[in-house]
Amino acid sequence: MRKIIIAGNWKMNKGLAETREFVSSVVYALINIRSNRVLPLIAPAYPFLHEALRERGGSALQIAAQDVSLNNDGAFTGEVSVSMLASLGIKYCIIGHSERRQYHGETDSSVRVKMLKLFEQKITPIVCIGESLAQRDADQTSGVIISQLNGCLSEIPLVTGTEIIIAYEPVWAIGTGRTATPQQAQEVHALIRKWLVENYAPAVAENMPILYGGSVKPDNLVELLACEDIDGGLIGGASLKAEDFLAMVKIGSNN
Ligand code: 13P
């Protein structure tokens with residue numbers, strides 16, 4: 001049975017003291033949410049990953065990076081490599097987020113290269129895909145999703161289905177307060193799972209966590225998680241308040 005993953009993508013929010021305070025309060029509260037059903041995770045900004053890892057101790061709270069460089073090392077000012085993340089003890093890394101695609105030239109093929117590099121260091125990629133509003137309005141959602149899956153995963157070896165986490169984030173629902181309806185999200189999640197059956201194997205499709213992202217909050221999480229193929233959320237704004245994050249972890253643990 002797939003776990004529910006409650007993943008907070010903090011984007012460019014929170015400094016050192018706020019990261020420390022959030023992690024310590026969440027770690028403390030998680031003692032009372034002992035559940036094997038849910039995997040809580042946050043992705044702070046690079047400079048605070050070390051502190052977040054230190055503060056989490058042996059807690060169930062996992063720490064992810066928000067991106068990683070395509071390059072191994074050398075003259076790439078401002079970049080952070082996979083081996084640097086591995087040296088910190090990072091186990092998860094978001095790649096292909098629409099904000100990286102929109103503002104920093106991320107493409108399906110760069111996502112693919114990053115994924116292979118992350119595999120080498122045993123870091124689980126959280127691979128983001130999703131259509132824009134114009135694409136949805138033009139009825140192109142399925143085509144865009146399939147093309148992103150083909151582009152990101154072509155010749156990527158997936159055997160168990162637990163090697164990666166997919167996050168479906170319709171761009172029009174990110175930070176807009178406009179969530180996809182559970183039906184709209186479920187339709188795309190089912191399409192992704194069908195693609196995994198056809199391109200890999202039923203077991204890969206069955207085991208792979210597929211998260212929904214785009215204006216998820218405690219108020220709409222229950223109905224999203226009620227959908228058969230939605231295994232959790234990749235959450236921006238609502239993951240920044242420890243209280244809301246914990247409320248969502250609780251909802252996940254009861255699912
Ligand atoms: P919001 O939850 O703020 O819409 O952000 C979603 C997101 O982009 C998570 O990666």
Side-chain angles (χ1 to χ4, degrees), residues 2-3 5 7-9 11 39 41-44 46 49 62-74 76 78-131 144-171 174 188-189 191-201 203-213 229 231-234:
R2 298 185 298 270
K3 273 193 185 191
I5 301 176
N9 174 10
K11 308 189 180 185
L39 188 153
L41 177 152
I42 53 163
Y46 282 140
L49 290 174
Q62 296 293 327
I63 310 297
Q66 297 178 16
D67 185 36
V68 71
S69 177
L70 270 172
N71 303 293
N72 289 341
D73 51 50
F76 300 101
E79 302 259 301
V80 172
S81 71
V82 169
S83 61
M84 288 172 180
L85 295 181
S87 72
L88 282 174
I90 288 290
K91 299 280 185 254
Y92 297 87
C93 182
I94 299 170
I95 50 176
H97 192 280
S98 63
E99 287 149 17
R100 302 293 317 172
R101 292 176 187 259
Q102 192 177 347
Y103 307 126
H104 302 278
E106 184 85 290
T107 61
D108 292 339
S109 65
S110 62
V111 167
R112 198 177 159 277
V113 174
K114 290 180 179 185
M115 201 176 325
L116 290 168
K117 287 187 188 295
L118 289 166
F119 284 165
E120 282 170 22
Q121 296 286 349
K122 302 200 169 15
I123 298 175
T124 304
I126 303 173
V127 183
C128 302
I129 55 174
E131 81 286 3
V144 169
I145 296 298
I146 301 284
S147 140
Q148 289 176 334
L149 288 169
N150 283 327
C152 294
L153 295 178
S154 96
E155 291 173 52
I156 295 286
L158 300 175
V159 178
T160 64
T162 55
E163 296 93 339
I164 66 169
I165 296 166
I166 292 183
Y168 166 56
E169 299 206 315
V171 180
I174 295 177
V188 176
H189 283 231
L191 175 78
I192 296 169
R193 228 178 276 288
K194 182 162 167 273
W195 184 92
L196 290 167
V197 172
E198 289 166 0
N199 288 272
Y200 289 95
V204 170
E206 181 56 33
N207 293 332
M208 187 165 298
I210 308 177
L211 314 185
Y212 168 77
D229 292 298
D231 304 315
L234 183 57

Could you grab the distance from atom [atom1] of [X] to atom [atom2] of [Y], nearest 0.5 Å is fine?
X: Leu39; Y: Tyr92; atom1: CG; atom2: OH; result: 4.5 Å
X: Ile165; Y: Leu41; atom1: CD1; atom2: CG; result: 7.0 Å
X: Leu234; Y: Cys128; atom1: CG; atom2: SG; result: 5.5 Å

Going by the salt bridge (charged side-chain N to carboxylate O under 4.0 Å, His left out) test, which pairs reach into residues 102-111, not counting sequence neighbours?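 Every pair satisfying salt bridge (charged side-chain N to carboxylate O under 4.0 Å, His left out) with a residue in residues 102-111: Arg101-Asp108, Glu106-Lys114.
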Heavy atoms of other groups near Asn71 CG, more than 12 under 6.0 Å: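 Yes, CG of Asn71 has more than 12 neighbouring heavy atoms, counting only those of other groups under 6.0 Å.
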Beyond-backbone contact of [X] with [Y], side-chain heavy atoms, under 4.5 angstrom:
X: Leu158; Y: Asn199; value: no
X: Val68; Y: Met84; value: no
X: Pro209; Y: Lys3; value: no
X: Ile156; Y: Glu163; value: no
X: His104; Y: Asp67; value: no

For side chain to side chain contact (heavy atoms under 4.5 Å, CB included), just list the numbers for Ser81 and Asp73, CA-CA rounded to whole Å, side-chain angles, deciding distance to a tenth of an Å, and then say yes or no. CA-CA 7 Å; Ser81 71; Asp73 51 50; 5.7 Å; no
May I ask you to say whether Asp231 pairs ionically with Arg193, meaning some side-chain N is under 4.0 Å from a carboxylate O?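 Result for this pair is yes, salt bridge flagged.
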Is there a donor-acceptor contact under 3.5 Å from the side chain of [X] to the main chain of [Y]?
X: Gln148; Y: Gly130; result: yes
X: Tyr46; Y: Glu79; result: no
X: Asn207; Y: Thr160; result: yes
X: Gln66; Y: Lys11; result: yes

For residues [X] and [Y], report the shortest heavy-atom separation together with the two atoms involved.
X: Leu85; Y: Ile123; result: CB-CD1, 4.0 Å
X: Arg112; Y: Ser154; result: NE-O, 2.6 Å
X: Ser110; Y: Leu70; result: O-CD2, 3.6 Å
X: Ile126; Y: Ala167; result: CG2-CB, 4.3 Å
X: Ala43; Y: Ile94; result: CB-CD1, 3.8 Å
X: Ile63; Y: Pro44; result: CG2-CD, 3.9 Å

For Glu206, all residues meeting salt bridge (Lys or Arg N to Asp or Glu O under 4.0 Å), sequence neighbours excluded: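 Result, salt bridge (Lys or Arg N to Asp or Glu O under 4.0 Å) vs Glu206: Arg2.
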Hey, mind stepping through Ile95 and Leu118 against side chain to side chain contact (heavy atoms under 4.5 Å, CB included) and telling me if it holds? CA-CA 10 Å; Ile95 50 176; Leu118 289 166; 4.0 Å; yes
Would you call the rings of Tyr168 and His189 parallel, tilted or perpendicular, where under 30° means parallel and over 60° means perpendicular?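 If you compare the ring of Tyr168 with that of His189, the planes turn out perpendicular.
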Evaluate Ile129 against Val111 for side chain to side chain contact (heavy atoms under 4.5 Å, CB included), listing each step before the verdict. CA-CA 10 Å; Ile129 55 174; Val111 167; over 6 Å; no
Apply the test side chain to side chain contact (heavy atoms under 4.5 Å, CB included) to residues Trp195 and Leu153: give CA-CA distance (whole Å), side-chain angles for both, the deciding distance (0.1 Å), then the verdict. CA-CA 11 Å; Trp195 184 92; Leu153 295 178; 3.6 Å; yes
